[in-house]
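All remarks here apply to the structure that follows.
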Amino acid sequence: MSCKMQKDLSVFISQCDSTSKMSIPSIFSLFGDLASEHAPQIGLGFSTLAEKGLFWIAVRTKIKVHRRPEMTESFLANTWPEAPGRVRCVRYYTLTDINLNLIAEGKSEWAIVDLSTGRPHKLSEIYPEEMQHLTDTACDEPFNKIAENTDDAEKFAVYTVRSTDIDIGKHMNNAAYIRAVFGAFTCAELEAMDISDVEINFKAQCYEGDELAFYKRKCGDALEVIVLRPDGKCAATLRLA
């Protein structure tokens with residue numbers, strides 16, 4: 001069983017921002033879509049896991065954008081998982097242009113949890129034994145540690161979780177966090193920030209109607225964002241650079 005999926009795609013207008021280029025939130029969403037499409041092909045799709053009382057969750061994701069593709073531009077998308085650990089696995093993504101030059105790359109750390117207990121499930125008990133894993137990697141820089149406290153951070157926005165943010169798990173979709181945080185900045189601010197590296201760590205689930213508080217602080221050349229739930233618990237941390 002091959003563990004890699006490859007697709008020819010093009011940039012839709014709905015994926016573009018004010019610059020007529022594919023937005024970073026759209027790239028993030030595309031990576032999630034690729035994973036969701038590939039998972040059933042390797043026997044780990046939503047329906048298969050649900051029958052066993054299991055569910056995929058994302059722990060953290062890191063993406064690096066070398067350039068943002070133009071509206072209607074054609075590109076090649078690839079995704080593949082590495083050999084799993086005991087309870088976590090890393091999935092890789094790449095986007096390349098028609099000349100195979102790298103456009104963007106990323107990696108996500110995932111886990112499978114038991115729906116009844118919320119505890120991680122051993123991957124060795126669910127992963128196909130015949131899977132042929134690649135040794136190729138992408139986005140090789142290590143994940144960063146982002147402090148969850150807001151002691152030295154400035155509150156800069158609030159966001160109410162909408163019905164359009166909710167996924168099949170009945171909580172805020174992973175991609176919705178990226179859209180909400182990017183949406184808290186103006187077009188001019190985003191252009192000045194010139195973001196090419198994004199990292200997000202998911203800490204706690206959020207639900208429709210929750211009012212989230214966004215805090216930011218400078219950390220070297222990067223901007224760290226902390227997302228707090230109404231109860232003050234950290235929902236996610238991000239690093240934009």
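Side chains included, hydrogens not; waters and symmetry mates left out as well; all remaining heavy atoms used. It should be emphasised that the depicted structure is a prediction, and the values quoted were computed from it without experimental measurement.
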Does [X], at its [atom1] atom, have more than 12 non-hydrogen atoms belonging to other residues, nucleotides or ligands within less than 6.0 Å?
| X | atom1 | answer |
| --- | --- | --- |
| Phe156 | CZ | yes |
| Arg88 | CZ | no |
| Glu70 | CD | yes |

Under a 4.5 Å cut-off applied to non-hydrogen side-chain atoms, are Leu223 and Met193 in contact?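 They are in contact (side-chain heavy atoms under 4.5 Å apart), so the answer is yes.
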Are Asp17 and Phe182 side-chain neighbours, meaning at least one heavy-atom pair lies under 4.5 Å?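 Contact flag for Asp17/Phe182 side chains = no.
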So, [X] and [Y], do they make that salt bridge, N to O below 4.0 Å?
| X | Y | answer |
| --- | --- | --- |
| Asp152 | Arg217 | yes |
| Lys233 | Asp231 | no |
| Lys7 | Glu37 | yes |
| Asp197 | Lys64 | yes |
| Glu199 | Lys145 | no |

Please determine, by modelled atom types, if Glu208 and His171 share a side-chain donor-acceptor pair under 3.5 angstrom.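 Absent: no donor and acceptor within the cut-off.
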Just checking, is any N or O donor in the side chain of Ser196 or Arg68 under 3.5 Å from an acceptor N or O on the other one?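 There is no such pair between these side chains.
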Counting distance only, does the side-chain N/O of [X] pair as donor-acceptor with the main-chain N or O of [Y] below 3.5 Å?
| X | Y | result |
| --- | --- | --- |
| Arg229 | Gln205 | yes |
| Thr79 | Tyr92 | yes |
| Ser26 | Met22 | no |

To the nearest 0.5 angstrom, please state how far the [atom1] atom of [X] sits from the [atom2] atom of [Y].
| X | Y | atom1 | atom2 | answer |
| --- | --- | --- | --- | --- |
| Trp80 | Leu134 | CH2 | CG | 7.5 Å |
| Asp136 | Asn78 | CG | CG | 9.5 Å |
| Arg179 | Arg162 | CZ | CZ | 10.5 Å |
| Ser36 | Asp167 | OG | CG | 9.5 Å |
| Ser29 | Asn173 | OG | CG | 7.0 Å |
| Tyr177 | Met172 | OH | CE | 5.5 Å |

Member of Leu34, Leu76, Thr96 meeting the side-chain contact (heavy atoms from CB on, under 4.5 Å) criterion with Gln6: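 Running side-chain contact (heavy atoms from CB on, under 4.5 Å) over Leu34, Leu76, Thr96 with Gln6 returns exactly one hit, Leu76.
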Start with the C-alpha gap between Lys216 and Glu224, add the side-chain angles, then the distance that decides, and say whether salt bridge (charged side-chain N to carboxylate O under 4.0 Å, His left out) holds. CA-CA 6 Å; Lys216 64 180 180 180; Glu224 294 184 345; over 6 Å; no
Parallel, tilted or perpendicular for Phe55 and Phe46, by the 30°/60° rule?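 The arrangement is perpendicular - the two ring planes meet at more than 60°.
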